[in-house]
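A short write-up of the structure that comes next.
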Amino acid sequence: MALSGFLFISWRIFEIIILIPIVGMLAYFVHIYVKNAALTPNYILVLFIVAVLALAWAVATLLNYFRARHDAFFVAAMDLAFVGALIAGVVVLRGIANANCVNFSSGSFSTSLGSFRASIGNGQSASLAVNKTCVMLKASWALAIIAILAFFVTFLLALLVHRNHRNDDKVVVKREYHTSRHGHRRSTSRGARGSRDYDRPRSSQGRSTHRSSSRRQYYV
């Protein structure tokens, strides 16, 4: 295995590790919306669909690498397409980039999701509120940006794999072509020899009959 192939497999594994959390967190939101019979927002749905397709593609090309390396140019084209699709998903979800997912306040505080209270002392209290929805969306958005860079790297590595293996099929075709021509020459040479051997007895028989007939006429 060439160095480009080893790096391609390594980056594919890295992509799978990145895409699994994205699919898991966004699937959580999709499940909530479906359970409540509500439409999933586009900023969640677009990135979720792209992440699912990219994860399936990464797993398929990793398991079938020794077959896919002969079609490395097609793999590179698909990786570049996923780069564009992930960019579209990140752009749609770009509103979460400036969101503040953590709030710190003192005194009385209450929240319904993702918070805890810590006592400071002297009867005073402080609370750190963490918005679970905001954190999960922001983490998915950040991991999607990393996935864009990873798929661009595998796009370049797939081009290198294509360059290293593009002559494999051509060599096999040339060998088959020379073998077939060589066998054809042998068959024609054998056929020519057989025809010559087949013609020789006829000529010799014709000569012997001619001689015997001439001898018969002489004695008669």
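Worth knowing before you read on, the calculation uses all heavy atoms, side chains too, and leaves out hydrogens, waters and symmetry mates.
- Sorted by first and then second residue, the side chain to side chain donor-acceptor pair (under 3.5 Å) pairs involving residues 46-56 (not counting sequence neighbours) form an empty list.
- Across A158 and A72, no two heavy atoms sit closer than the pair O-CB, 3.4 Å.
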Q. Would L26 and L137 satisfy side-chain contact (heavy atoms from CB on, under 4.5 Å), going step by step from the backbone distance to the final call?
A. CA-CA 8 Å; L26 295 181; L137 288 176; 4.1 Å; yes
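- The structure places OG of S10 at 9.5 Å from CG of L62, a figure rounded to the nearest 0.5 Å.
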Q: List the steps and the verdict of side-chain contact (heavy atoms from CB on, under 4.5 Å) for I146 and F14.
A: CA-CA 10 Å; I146 299 174; F14 178 67; 4.1 Å; yes
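- Contact record, A150 with E15: O-OE2, 2.9 Å, taken as the closest heavy-atom pair.
- Atoms CD1 and CG, on I18 and L143 in that order, are 6.5 Å from each other to the nearest 0.5 Å.
- Taking NZ of K132 as the start and OH of Y28 as the end, the distance is 4.0 Å to the nearest 0.5 Å.
- Remark: side-chain polar atoms of K138 are not paired, donor with acceptor, to backbone N or O of C101 under 3.5 angstrom.
- In this structure, L19 is not a member of the same hydrophobic cluster as L149, with clusters built from ILVMFWY side-chain heavy atoms closer than 4.5 Å.
- Atom OG of S140 and atom CZ of F29 lie 6.5 Å apart (nearest 0.5 Å).
- Taking CH2 from W11 and CG from L157, the interatomic distance works out to 8.5 Å, rounded to the nearest 0.5 Å.
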Under 3.5 Å, which donor-acceptor pairs link side chains of residues 36-57 to any protein atom two or more places apart or in another chain?
{"unit_1": "N36", "atom_1": "ND2", "unit_2": "I32", "atom_2": "O", "d": "3.2"}
{"unit_1": "W57", "atom_1": "NE1", "unit_2": "D79", "atom_2": "OD1", "d": "2.8"}

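- Under the 30°/60° scheme for interplanar angles, the aromatic rings of F155 and F152 are found to be tilted.
- Side-chain atoms of R12 never come within 3.5 Å of backbone atoms of I9 as a donor-acceptor pair (strictly under, hydrogens ignored).
- Rounding to the nearest 0.5 Å places CD1 of I148 at 5.0 Å from CD1 of I87.
- Contact detail for F151 and L86: the closest heavy-atom pair is CD1-CD1, 3.8 Å.
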Q: Kindly determine whether F8 and L156 satisfy side-chain contact (heavy atoms from CB on, under 4.5 Å), including the steps that lead there.
A: CA-CA 9 Å; F8 179 83; L156 298 177; over 6 Å; no
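- Smallest separation of non-hydrogen atoms from I22 and A144: CD1-N, 3.5 Å.
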